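Report on one structure; see the data block that follows.
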Amino acid sequence: MAFLKKNIWLGFQLVAAIWLSLFLVATYLSYNNVYGDVENQLKSLTKTNANSIKAVLQKYEVALDLLSVEMAHYDYTITNTPITNLIDSIMTIDDSLLAIGIFDVNGAPLLSNSSTPLEEGFNLLKISFTRATFLHTLQVQEPVIGRTYFVQSLQKFVIPIRKAVRNENGEVVFVLTLALDMHKEFNFLSSNNEDIEIYDTYIFRDFDRFFMLAPVAKIYDKESYQVPISEKSVKQGLSALLSQLPFTLEEIKEKELVITHQSQTPQGYGLVASTYFKDYQLWLSTNVSLDTVKAIFFKKVLFLVTLFFTSLGIIFALFKKIADAEEKKQTALSFQATHDFLTNIHNRFFLKEQESHINQSTNPYVVFLINLDRFKSINEKFGHDIGDRVLCEISTRLTNYKSPNDILVRYGSDEFLIVSYSAAVANLNETCAALSKVIKQPFPWKDIQFEITTSVGISSYPQDGNSLNDIISNADLALHEAKKCRDSHVVYTNTLKEQLAFRLQVEQELKTALVNNELYMVYQPQIKYDGQLHGVEALIRWDNKSLGSIPPFKFIPIAESLGIMPSLGLFILRESIRQIVELCQKTHKNINLSVNISVSQFMQPDFYYHVKNALSEFGFSPSHLVLEITESMFIEDVQKIIRVIDKLKTLGVKISLDDFGTGYSSLSSLKELAIDELKIDKSFVDDIGFDEDARSMIKGILTISENLNIETVAEGIENIEQLALLKAMNCSIYQGYYFSKPLKIDALYSFLDNVQVH
Ligand code: C2E
Ligand code: MG
Ligand code: MG
């Protein structure tokens, strides 16, 4: 069934072929049937005709016998006897009789019926067509049928029957002759009986091949009776007959069989039924042309043809119906396969289908990969129904926005992709602005009011790649960048790709950096107002064989995203405490240690224990440990951070807020946090000499610190001017290249030799 569905027209051809075979078999059987019927009819007609003709001839044989008996009665004397009256009375009984005559053995007439007086000098032996049969009559006992001839005076065809009358000694005394009206007597053979009109009956004489009764077309043609049938055609007919039948000619003649065979006939090639009258040496043949048989067959077969084509038409209609339904189903399936079930716009599969076509063409195009910002939160906040409505609405807007030739697909749950042939590479910023405006339009629903923004990654063919696949992955890269800021678009550049490649390599190498001992700590001194050492800030370094020295601002965010920052952070915490404890023990100095703590590390549930364990394991005084956290942390749950800080503080450690002034926390919220130290970001220190804003920021930070009674460390001091200004502002702790770059632990030992530690 599945095969049939797939190859529906093949199925139809199969059924049609079977149907055609059945039709041909039926046609063949029908022809045989018609042929058989015709043959049977021909046989029975021949038999009937033979019987009728025999009856006619016997009737006249009786008449002749009667006459001869009567003549014997009068001792074969015909003058002065009532023979003439007898003849005349016979004539009146049978109107098929044209004449009755009595001839002597020399062929001369002796007596005839009174209405047909015979001319003087008339002699049967002298007439060419009567002579042979007359002589033959003298030879035989049986009546002899003479040749059929046309009598001008009567305008009739005559068939004579003659019989020799013999005396007791067996000598021929007279010859009796009956002249039969061929038309009247044998009319039944050629009468227009509807059933038999297709058959043609004729009788010819075996010994001289003259027609007694010519075929219907020539029955009243005098010529037909004057020329014998050619010996050749009779011979051909007989040999055809004998070759088709299991009888000998003698058997056929002797038993007077009715036999049929195919042969050439006066009507053309046809079927012939023949029988032989041995008493009269006549062949009776009835034939029908094969064309007639075919005509009957065609009449019959017309029904079959009509039936065949009608049923084939019905079968075709049925198959067409199935094919149509199948096509409809296929169309629906292909629509389903290539369209997104929710929005009804094309889906990713459709794009895959178009890919080879797009790649073959050289037409330039731009791919816009559009991602809805914070769609997840819309789903969470308003429910999935509203989320679905948003997606449908955005699809409609994008459909209306794109040019007719552009391809729009729903590429992911909240991601759409446009392959645009109309966007100009020079105007991508304008195009994106228009696109984001379309999407930002308020939604037309009274109950829900919100605005949605998008991040768009853009890449163009042929500038950015050779295939659609390349262009899409480039657009994806660009989208990734755009996603970092949201509500923005990024056009792909090669630098972006290089960055990604670098990032991928960094990711790869970073995973094994710890176990490969590629990571180590450096320490940057922090100097107090009086020049004494306040402490050191531990900073991580990574030297990789293939990548070289990678700065922490590059690899720390990657470590965060890879999820390995907590383990890396634990190493940093433990390694720096271990080294500084060792340094303190060796130098007998107490040094403050600031350790940078990443967001994920800080939020880890067991971070508290990590700190506690490290302190106790290495025997470091908690009051000398400063944990540096950044402002960026405060985009997380502030209350939770406050709780973590409070808990950590129970250990006796200090908390420092790094890069202060660059991030999210407002100065006022500082009160809530149990912070011990603020670190003025390097960017303010950089500008302190020439930027009034930077100066006021630093002043503000210092005022707050003073009010809150917390320490302030100024970072990134590179020259004496910056130091002087900071000192003038009463900033008391300094860190920067001016004093020292971050130092490896060995270098820190040397550094400590030159500074005082209180
Ligand atoms: P940060 O915590 O603010 O560290 C200070 C950064 O300023 C260090 O860069 C330091 O080398 C640099 N610096 C200090 N004085 C000067 C100066 O006078 N001039 C210049 N140009 N730079 C100066 P570094 O080591 O590259 O670290 C960058 C950032 O990476 C750090 O900023 C910190 O946020 C992060 N980081 C470094 N090490 C670690 C670590 O062990 N753990 C964590 N979580 N983050 C770390
Ligand atoms: Mg720091
Ligand atoms: Mg800093």
Side-chain angles (χ1 to χ4, degrees), residues 31-58 61 132-133 135-148 159 161-163 186 189 196 198-216 218 224-225 227-290 292-293:
Y31 181 77
N32 277 356
N33 210 12
V34 167
Y35 187 89
D37 281 356
V38 169
E39 193 177 22
N40 287 339
Q41 214 172 350
L42 195 63
K43 264 185 171 178
S44 79
L45 186 69
T46 307
K47 215 175 253 176
T48 314
N49 285 342
N51 290 337
S52 308
I53 290 165
K54 273 184 190 167
V56 168
L57 295 175
Q58 272 164 9
E61 217 175 298
T133 47
L135 288 176
H136 184 65
T137 314
L138 297 177
Q139 308 297 315
V140 296
Q141 299 291 331
E142 300 85 20
V144 172
I145 297 170
R147 271 176 56 187
T148 307
I159 298 174
I161 302 180
R162 300 194 183 93
K163 185 178 164 119
F186 298 103
L189 292 175
I196 60 164
I198 57 166
Y199 304 108
D200 192 9
T201 303
Y202 53 94
I203 303 168
F204 67 93
R205 302 142 67 90
D206 187 44
F207 51 94
D208 60 7
R209 304 183 311 279
F210 279 101
F211 278 118
M212 184 188 116
L213 200 70
V216 71
K218 291 183 176 176
S224 315
Y225 303 95
V227 187
I229 306 167
S230 82
E231 194 176 353
K232 190 180 157 201
S233 71
V234 172
K235 269 188 181 167
Q236 272 177 356
L238 282 174
S239 68
L241 175 151
L242 293 171
S243 70
Q244 293 167 32
L245 295 168
F247 305 110
T248 61
L249 187 61
E250 287 66 37
E251 274 178 308
I252 295 165
K253 282 182 173 180
E254 186 53 39
K255 293 178 184 170
E256 297 192 344
L257 298 172
V258 178
I259 37 107
T260 55
H261 73 289
Q262 285 191 11
S263 156
Q264 197 58 40
T265 74
Q267 289 177 309
Y269 196 76
L271 186 60
V272 186
S274 307
T275 191
Y276 188 69
F277 303 159
K278 61 180 178 193
D279 290 346
Y280 305 101
Q281 296 180 322
L282 291 173
W283 281 105
L284 168 70
S285 286
T286 311
N287 67 46
V288 59
S289 84
L290 281 187
T292 310
V293 179

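Because the structure is a prediction, the values reported are computed rather than measured.
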In chain order, what residues pass the side-chain hydrogen bond (donor to acceptor under 3.5 Å, both in side chains) check against [X], with sequence neighbours excluded?
X    : result
S263 : none
Y35  : Q262
E61  : Y280

So how far is it from [X] [atom1] to [Y] [atom2], rounded to the nearest 0.5 Å?
X    : Y    : atom1 : atom2 : result
F211 : L282 : CZ    : CG    : 12.5 Å
L241 : L249 : CG    : CG    : 7.5 Å
I145 : L57  : CD1   : CG    : 4.0 Å
E142 : I161 : CD    : CD1   : 13.5 Å
L42  : D37  : CG    : CG    : 12.0 Å
K163 : Q141 : NZ    : CD    : 7.5 Å

What are the two closest heavy atoms between [X] and [Y], and how far apart are they?
X    : Y    : value
V216 : D200 : N-OD1, 2.9 Å
V34  : V293 : CG1-O, 3.8 Å
F210 : P228 : CE2-N, 3.3 Å
I159 : F186 : CD1-CE1, 3.3 Å
T260 : L245 : O-CD2, 3.6 Å

Which residues share a ring-ring contact (aromatic ring centres under 6.0 Å, His included) with Y31, sequence neighbours left out: F297
Residues in ring-ring contact (aromatic ring centres under 6.0 Å, His included) contact with Y276, at least two apart in sequence or another chain: W283
T46 side chain near L284 side chain, heavy-atom distance below 4.5 Å: yes
Beyond-backbone contact of T292 with Y199, side-chain heavy atoms, under 4.5 angstrom: no
Does [X] have any side-chain contact (heavy atoms from CB on, under 4.5 Å) partners at least two apart in sequence or in another chain, and if so, which?
X    : answer
L138 : V105, F134, L135, V172, V175
Q139 : none
S224 : A214, K218, D221

T133-R162 side chain donor-acceptor pair, cut-off 3.5 Å: yes
Partner residues of K54 under the salt bridge (charged side-chain N to carboxylate O under 4.0 Å, His left out) criterion, sequence neighbours left out: E256
Pairs flagged by side chain to side chain donor-acceptor pair (under 3.5 Å) wherever residues 233-247 is involved - sequence neighbours left out: S230-S233
Qualifying salt bridge (Lys or Arg N to Asp or Glu O under 4.0 Å) pairs, either residue in residues 205-214, two or more places apart: R205-D208, D206-K253
Qualifying salt bridge (Lys or Arg N to Asp or Glu O under 4.0 Å) pairs, either residue in residues 270-290, two or more places apart: E254-K278
Side-chain donor/acceptor of T275 to backbone N/O of L257, under 3.5 Å: yes
